[in-house]
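The shown structure was predicted, so the numbers you read here are calculated from the model rather than taken from an experiment. These numbers come from the heavy atoms of this one structure, side chains and all, not from hydrogens, waters or symmetry mates.
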Amino acid sequence: MPITRNVCLDHLNLHVSDMERSRAFYRAAVAPLGFTELVHEEWVLFGPEGAQDLCLVPHADPQPVHVALAAASRLEVDAFHAAALAAGGTDNGAPGLRPQYHAGYYGAFVLDPDGHNLEAVFHER
């Protein structure tokens with residue numbers, strides 16, 4: 001059962017150097033998490049139905065950050081990792097338990113085309 005908690009972030013902007021390359025990567029990588037795509041002027045936004053949580057913003061010199069996206073199950077984490085690698089991401093941690101964070105932490109990590117460390121995580125009790 002996932003841990004329930006209040007959400008304190010509304011959205012996150014990621015600077016990307018090549019919008020079309022990043023758009024294709026994120027479209028594939030976050031689809032297993034139930035994220036859909038919305039284009040708004042120069043930005044591309046992704047999130048669960050009715051939300052735009054992750055915004056891609058064109059930028060000449062993006063500085064890599066770590067972004068962790070909530071998954072509903074271990075299967076979603078696994079599917080995210082596979083989809084992100086198939087879309088050209090670089091493995092930065094295969095799906096698995098991460099007991100150093102907590103006993104039920106199941107996550108996977110992939111570097112996107114700009115070096116952002118994208119994670120999908122499922123918290124078990």
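- Applying the salt bridge (charged side-chain N to carboxylate O under 4.0 Å, His left out) definition to pairs two or more places apart or across chains, those involving residues 110-119 are Arg21-Asp114.
- For the salt bridge (Lys or Arg N to Asp or Glu O under 4.0 Å) test, no residue two or more places apart in sequence or in another chain qualifies with Arg98.
- Heavy atoms only, all atoms of each residue included: Leu33 and Ala71 are closest at CD2-CB, 3.8 Å.
- Residue pairs meeting the ring-ring contact (aromatic ring centres under 6.0 Å, His included) criterion with at least one partner in residues 71-101, sequence neighbours excluded, are Tyr101-Tyr105.
- Taking SG of Cys55 as the reference point, atom CD of Glu42 lies at 13.5 Å (rounded to 0.5 Å).
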Using distance only, find each side-chain donor-acceptor pair of residues 43-52 under 3.5 Å and give its atom names and separation, not counting sequence neighbours.
none

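- Here the side chains of Leu14 and Val57 are not in contact, with every heavy-atom distance at 4.5 Å or above.
- Residues Val65 and Leu111 do not share a hydrophobic cluster, clusters being chains of Ile/Leu/Val/Met/Phe/Trp/Tyr side chains in contact below 4.5 Å.
- Here the shortest heavy-atom pairing between Pro64 and Gly115 reads CB-O, 3.4 Å.
- Taking a 6.0 Å sphere around NE2 of His66, one finds it holds more than 12 heavy atoms contributed by other residues, nucleotides or ligands.
- Counting only residues at least two apart or in different chains, salt bridge (charged side-chain N to carboxylate O under 4.0 Å, His left out) contacts with residues 71-80 comprise Arg74-Glu124.
- Under the rule for a side chain to side chain donor-acceptor pair (under 3.5 Å), the partners of Gln63 that lie at least two apart in sequence or sit in another chain are Asp61.
- Qualifying ring-ring contact (aromatic ring centres under 6.0 Å, His included) partners for His116, counting only residues two or more places apart in sequence or in other chains: none.
- The line from CG of Asp91 to CZ of Phe109 is 10.5 Å long, rounded to the nearest 0.5 Å.
- With sequence neighbours excluded, the residues satisfying side chain to side chain contact (heavy atoms under 4.5 Å, CB included) with Ala87 are Phe25, Ala28.
- Atom CG of Leu118 and atom OG1 of Thr90 lie 12.0 Å apart (nearest 0.5 Å).
- In this structure, the salt bridge (Lys or Arg N to Asp or Glu O under 4.0 Å) partners of Glu20, at least two apart in sequence or on a different chain, are Arg23.
- Atom CG in Asn117 sits 4.5 Å away from atom CG in Asn92 (nearest 0.5 Å).
- Among all heavy-atom pairs drawn from Val77 and Pro95, the shortest one is CG1-CB, 4.3 Å.
- Taken from CG in Leu12 to CG in Asp53, the straight-line distance is 9.5 Å, to the nearest 0.5 Å.
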